[in-house]
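One structure is given here, and the rest of the page talks about it.
Atoms within each ligand, like the ligands themselves, are counted from 1 in listed order.
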Amino acid sequence: MSRAPRSSEASSTTRGEPPAFDLVLFGGTGDLAMRKLLPALYRRFADQQLSPRGRIIGVARSDIGRSTYVTKAEAACRLHLGAAFDAKQWSAFAGLIDYVRVDATIAADYGALASTLGSRAEALRLFFLSTAPDLFAAICRELAAAGIVTPDARIMLEKPLGEDAASAERINDIVGAMVGERQIYRIDHYLGKETVQNLLALRFGNTLFEPLWRRGQVQHVQITVGEQLGVEGRGDFYDRTGALRDMVQNHLLQLLCILAMEPPANSAADAVRDEKLKVLRALRPIGDAEALLKTVRGQYRAGLVGSAKVPGYLDEPGVSAGSRTETFVAIKAEIDTWRWAGVPFYLRTGKRLQEHLAEIVVTFHEVPHSIFDGPFSAQTPNRLVIRLQPDEHITLRILAKSPGEAMRLRPVDLALDLGESFKARPLDAYERLLGDAIHGNLTLFMRRDEVDAAWRWIDPIRAAWAADGTEPRVYPAGTWGPATANALIARDGFAWHDEE
Ligand code: NAP
């Protein structure tokens, strides 16, 4: 039997010699660079997945030289990598690192970057914009003016990509004027998680689930991303953003797309992204009165997270007095397609929740008629739980006979523990995404039309909230959000997975 043609892009599993590269890391001294990006690059290097002919050039305003920057990067990698840090490997990796002081808004500063880059014709040039998005325009303008954007240069953009459809379009126009769409790598780091890859493997590498993956078999779906953390010193940023824009527009909708999309014809980036886009475009709009019925906004008050007493949102530094910004949101989403019509997708995310947890729960229909007695016989549907954090695993709940004479059923979990099965270290999301960008694989990055479609679904919800003018529902820190979030799902006869 013939197979679908493979993508001409490098796949993440079939890579040749790693290419020489110059990675310019704007925001090189920032939290994301120190906590995630440099440790991820170190690990890729230690795994011999980065070329020793690569360079990582940190860029920021701080007036520090290369050696201070390398020392700072080393301390961060030691801290965040723990036992995975190896001093010998580090000294080889440190040889790749450089630092250039640039104020992104000052044209004259780019000369120093240009001379550090020089002209290495063989090296792929990547610009990673790990700064606040209001600097993206200045960076793109000045990079182009300085003549350092090579014809095949790639740009990596961190979220948030705008704050609504119009502002995202402006950013995309500016970046798009500098390089082509196939050179733009818009990051949603959830897509780099091993379990999300496994969701693709589960759905499209097996025949088992496909006949079940639809209305008629699936009763409902829940996607929860809960954080125990509060605004962590970023109150000012968060207060202008809120949970809907910070989490739902990107991470939760991307998970929804992977879960709900039709099988792509192959694994090429655009084949996958075309299918995700169709899901976003098929989301039933939620606006006006509908928004008040199908969404819940919450804001945390002081409470206990674990055993720690934490202040309420309004007492966090940087948060404006009387702020109505939501720190929690729950939404009932519906996808108007033949596959999913009538299947509710409940999305829920928030700060200062009871658990640090990211999880997708697919609940199948109950048996039509139970031949067994007992509490677990009929109302305990099969359930597939895909856990993304804190640990990554997949479990399928089935009913089995409990040992003993009586025919009593109890739920048991078939668990897929990938660490046990493969004995291999899963890649951190940023390791995968940085590697994919260097190798030119766009599959796990968002295309412009996806970002646009996601904002177009989000914007009417925000507009309806603004027009409504009511306050978000309060919830004590350390709980699963306001009681109205339970009511949202209980109205349809279901309960959140953790509430059962
Ligand atoms: P951050 O800690 O505030 O770092 C900002 C970086 O930008 C610093 O290196 C800062 O260095 C540099 N910078 C600021 N103004 C500059 C200018 N005019 N010219 C050149 N460099 C400038 O922020 P972050 O937490 O790393 O986040 C960076 C971006 O990633 C943000 O858009 C954020 O929303 C996004 N993000 C962050 C995380 C995370 O976990 N931190 C997760 C997802 C997305 P100097 O002050 O020395 O210039």
Partner of Y42 by side chain to side chain contact (heavy atoms under 4.5 Å, CB included), out of L81, I56, L96: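 Single pass found, and it is L81.
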
Please name the residue in the list I360, T224, L347 that meets the side chain to side chain contact (heavy atoms under 4.5 Å, CB included) test with L252.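 Considering I360, T224, L347, a side chain to side chain contact (heavy atoms under 4.5 Å, CB included) with L252 is found only for L347.
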
State the atoms of ligand 1, each with its element, that fall below the 4.0 Å cut-off from a heavy-atom position in [X].
X: P133; value: 32 (O)
X: D103; value: 17 (C), 18 (N), 19 (N)
X: A132; value: 32 (O)
X: A104; value: 17 (C), 18 (N), 19 (N), 20 (C)

A quick test of your reading: do over 12 heavy atoms of other residues, nucleotides or ligands sit less than 6.0 Å from CZ of R387?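 Correct, the count exceeds 12.
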
Would you say that more than 12 heavy atoms from the other residues, nucleotides or ligands in this model lie under 6.0 Å from the CD of E122, or not?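 Enclosed.
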
Check for a donor-acceptor pair, side chain of E194 on one end and backbone N or O of L427 on the other, with a separation under 3.5 Å.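 Checking the backbone N and O of L427 against the side chain of E194, a donor-acceptor pair under 3.5 Å is found.
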
Keeping R352 on the side-chain end and Q228 on the backbone end, is there a donor-acceptor pair under 3.5 Å?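 Checked: pair present.
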
Would [X] count as a polar contact of ligand 1, with the cut-off being nitrogen or oxygen pairs under 3.5 Å?
X: T29; value: yes
X: V59; value: no
X: R61; value: yes
X: G30; value: yes

Cationic tip of R66 within the cone over Y69's six-membered ring, i.e. under 6.0 Å and within 45° of the normal?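 Relative to the ring axis of Y69, which defines the angle, R66 lies outside at least one limit.
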
Protein heavy-atom partner closest to [atom] - residue, atom, separation in Å:
atom: atom 40 (O) of ligand 1; result: R35 NH2, 2.5 Å
atom: atom 47 (O) of ligand 1; result: S62 OG, 2.5 Å
atom: atom 23 (O) of ligand 1; result: D31 N, 4.4 Å
atom: atom 27 (O) of ligand 1; result: L32 CB, 4.3 Å
atom: atom 34 (O) of ligand 1; result: R234 NH2, 3.2 Å
atom: atom 20 (C) of ligand 1; result: V102 O, 3.3 Å
atom: atom 28 (C) of ligand 1; result: S130 O, 3.3 Å
atom: atom 6 (C) of ligand 1; result: G27 CA, 3.5 Å

Return a yes/no value: protein heavy atom under 4.0 Å from atom 3 (O) of ligand 1?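 Given the 4.0 Å limit, the answer for atom 3 (O) of ligand 1 is no, no protein heavy atom qualifies.
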
Would you call M34 a ligand 1 contact, heavy-atom distance under 4.0 Å?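 Not so, M34 does not reach ligand 1.
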
May I have all residue pairs that pass side chain to side chain donor-acceptor pair (under 3.5 Å) and include part of residues 303-314, sequence neighbours excluded?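 The answer is D239-Y313.
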
Begin with the C-alpha distance, continue with both residues' side-chain angles, and end with the deciding distance and a verdict on side-chain hydrogen bond (donor to acceptor under 3.5 Å, both in side chains) for D391 and H393. CA-CA 6 Å; D391 44 340; H393 64 77; 3.3 Å; yes

Does the separation of the ring centres of F128 and F26 fall below 6.0 angstrom?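 No, too far apart.
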
Got a salt bridge between D246 and K159, using NZ or NE/NH1/NH2 to carboxylate O under 4.0 Å?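 Yes, D246 and K159 are salt-bridged.
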
When you check the gap from the basic side-chain N to the acidic O, do D86 and K88 get nearer than 4.0 Å?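 So D86 does not pair with K88 through a salt bridge.
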
Just heavy atoms, cut-off under 4.0 Å: does A60 contact ligand 1 by side chain, backbone, both, or neither?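 Both backbone and side chain.
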
